[in-house]
Participant: 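Got a structure for you, questions after.
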There are 2 protein chains.
Amino acid sequence: MTTPQLTKNQSLVFDVLEKAEGPLSAYTILDKLRDHGFRAPLQVYRALEKLLEYGVVHRLESINSFVACAHPGDDCHSHGIVAFAICESCGQVTEFHDHEVDHRLMAWVRGQKFKPAKTTIEIRGLCEACAA
Amino acid sequence: MTTPQLTKNQSLVFDVLEKAEGPLSAYTILDKLRDHGFRAPLQVYRALEKLLEYGVVHRLESINSFVACAHPGDDCHSHGIVAFAICESCGQVTEFHDHEVDHRLMAWVRGQKFKPAKTTIEIRGLCEACAA
DNA sequence: CAATTGATGTAATAACATAACATCTGCAAT
DNA sequence: ATTGCAGATGTTATGTTATTACATCAATTG
Ligand SMILES: [Zn+2]
Ligand SMILES: [Zn+2]
Ligand SMILES: [Zn+2]
Ligand SMILES: [Zn+2]
């Protein structure tokens, strides 16, 4: 998907996520944008909805948070599955993907005649620095 | 992990999940147990916490719901990663397990010196019946 | 201009989850 | 048996995440 020009609110939300060290909750984003006129959760959620659709932001289901894509423009994103390693201590997120994992999951899915729409792979644990 | 004798509340919550067609939210479980004296969310969440710990119930992160384990006693559960296919139309959940996926993810994790604690794999889409 | 479409603003509410504190129950040590 | 403890439970309140409903605004287009 080619990303269209972002609207004002979408840009504001995206900039906050890009500058952040780690994933942010929608309400944390809201707080960071109060000075820019944001007043209600919906302003954040609506922007996020589009940014997710454009593939420039990912949602981390297991921690109800959002993060800017670490590999913008990477073609794998369009058809591949993205995985995340999330440090439960420092919040650091690493985004990666593995074709073999994709293939195995999609092979299973095909066998079941299941029609996949969105796949979540999230590994929570401790990053190297925090595990030490 | 060997499952200890369940307490009254744990048994009630587990029975509701076992008899359910698909995954249930904590509040749905609460409603189903009002007749048995349940009054507050915490009664459900506390029971779920233990049932998750014993491995007889799984949490589906992407839909904030809980489901009874489909493969109780399966040894793979203790050390392997469980994956779920979730039908967004009828709610049906299929639990499966693929060693190759585990190996690939764990190999990646080792390479990063990341210490995994809990891994989530959830595929949302349409089951065979609903896709037709 | 009128109609449509997409974006935005605002208030209210729904849905999910935890904190804090009191009470009870079973069991072991004295 | 009494005391002390640990685990489970009950209850209220609160915190966090997400959506519904409705009004308004701006750009496009026929
Ligand atoms: Zn990405
Ligand atoms: Zn860390
Ligand atoms: Zn299971
Ligand atoms: Zn279905």
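The shown structure was predicted, so the numbers you read here are calculated from the model rather than taken from an experiment.
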Participant: Measure from CD1 on I63(A) to P on dA18(D) and round the result to the nearest Å.
Facilitator: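 Atom CD1 in I63(A) sits about 11 Å away from atom P in dA18(D).
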Participant: Is a donor on one side and an acceptor on the other found under 3.5 Å between the side chain of T28(B) and the backbone of L24(B)?
Facilitator: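 A pair under 3.5 Å: no.
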Participant: I'd like to know if the side chain of T120(B) pairs up with that of E122(A) as donor and acceptor (distance under 3.5 Å, no hydrogens or angles considered).
Facilitator: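 Distance-only check fails for T120(B) and E122(A).
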Participant: Say whether, by atom type as modelled, one donor and one acceptor occur between the side chain of D102(B) and the main chain of I81(B) under 3.5 angstrom.
Facilitator: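 Yes, D102(B) side chain to I81(B) backbone: donor-acceptor pair under 3.5 Å.
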Participant: Produce a footprint string for nucleotides 20-29 of chain D: one letter per nucleotide, 5' end first; B if the base is under 4.0 Å from any protein heavy atom, S if only the sugar-phosphate is, - if neither.
Facilitator: BB--------
Participant: Given atom CG of L48(A) and atom P of dA18(D), what is their separation to the nearest angstrom?
Facilitator: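 After rounding, the gap between these two atoms is 9 Å.
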Participant: Distance check: side-chain N/O of N64(A) vs OP1/OP2 of dC16(C), anything under 4.0 Å?
Facilitator: no
Participant: For the pair E95(A) (side chain) and A70(A) (backbone), establish whether a donor and an acceptor sit closer than 3.5 Å, ignoring hydrogens and angles.
Facilitator: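 Answer holds: yes.
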Participant: Identify, residue by residue, the members of residues 117-126 of chain A with a heavy atom below 4.0 Å from DNA chain D, and return them in order of residue number, or none.
Facilitator: none
Participant: Of P41(A) and A47(A), whose nearest nucleotide on DNA chain C comes first from the 5' end?
Facilitator: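 This one resolves to A47(A).
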Participant: Looking at R59(A), does any N or O in its side chain come under 4.0 Å of the phosphate oxygens OP1/OP2 on dA18(D)?
Facilitator: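 Affirmative; the distance criterion is met.
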Participant: Could I get the full list of side chain to side chain contact (heavy atoms under 4.5 Å, CB included) partners for N64(A), not counting sequence neighbours?
Facilitator: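 Expected list: R59(A).
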Participant: Quickly work out the R39(A) CZ to dA7(C) P distance and round it to whole Å.
Facilitator: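 Computing the R39(A):CZ to dA7(C):P distance gives 23 Å.
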Participant: Can you measure from NZ (K19(A)) to NZ (K32(A)) and round to the nearest 0.5 angstrom?
Facilitator: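 It comes to 11.0 Å.
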Participant: I'd like to know if E53(A) and K50(A) make a salt bridge, using a cut-off of under 4.0 Å between side-chain N and carboxylate O.
Facilitator: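 Salt bridge present between E53(A) and K50(A).
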Participant: Run the ring pair (Phe, Tyr, Trp, His ring centres under 6.0 Å) test against F84(B) and tell me which residues pass, sequence neighbours left out.
Facilitator: H58(B)
Participant: Below the 4.0 Å mark, does dG9(C) have OP1 or OP2 next to a side-chain nitrogen or oxygen of Q43(A)?
Facilitator: yes
Participant: Using a heavy-atom distance cut-off of less than 4.0 Å, which residues of residues 5-36 of chain A contact DNA chain C?
Facilitator: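 When residues 5-36 of chain A is checked for heavy atoms under 4.0 Å from DNA chain C, the hits, listed by number, are T7(A), K8(A), N9(A).
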Participant: Could you walk me through whether L6(B) and F14(B) pass the side-chain contact (heavy atoms from CB on, under 4.5 Å) test, one step at a time?
Facilitator: CA-CA 9 Å; L6(B) 299 184; F14(B) 183 67; 4.2 Å; yes
Participant: Quick one: does Q10(B)'s side chain have a donor or acceptor within less than 3.5 Å of a partner on T7(B)'s backbone?
Facilitator: yes
Participant: Before giving the answer on salt bridge (Lys or Arg N to Asp or Glu O under 4.0 Å), spell out for K115(A) and E88(B) the whole-Å C-alpha distance, their side-chain angles and the decisive distance to 0.1 Å.
Facilitator: CA-CA 10 Å; K115(A) 199 179 172 85; E88(B) 290 178 311; over 6 Å; no
Participant: State, to the nearest 10°, the angle formed by the axis through the first five base pairs of the helix from dC1(C)-dG30(D) to dT30(C)-dA1(D) and the axis through its last five.
Facilitator: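 That helix gives 20° between its end axes.
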Participant: Take the angle between the ring planes of Y45(A) and F66(A) and call it parallel below 30°, perpendicular above 60°, tilted in between.
Facilitator: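 Judged by the thresholds at 30° and 60°, the geometry between Y45(A) and F66(A) is perpendicular.
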Participant: How many Å lie between OH on Y45(B) and C1' on dT9(D), as a whole number?
Facilitator: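 Checked: the OH to C1' distance equals 18 Å.
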Participant: Within the distance-only criterion (no hydrogens, no angle test), does the side chain of Q43(B) pair as donor or acceptor with the backbone N or O of R39(B) below 3.5 angstrom?
Facilitator: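 Pair found, side chain donor or acceptor close to backbone of R39(B).
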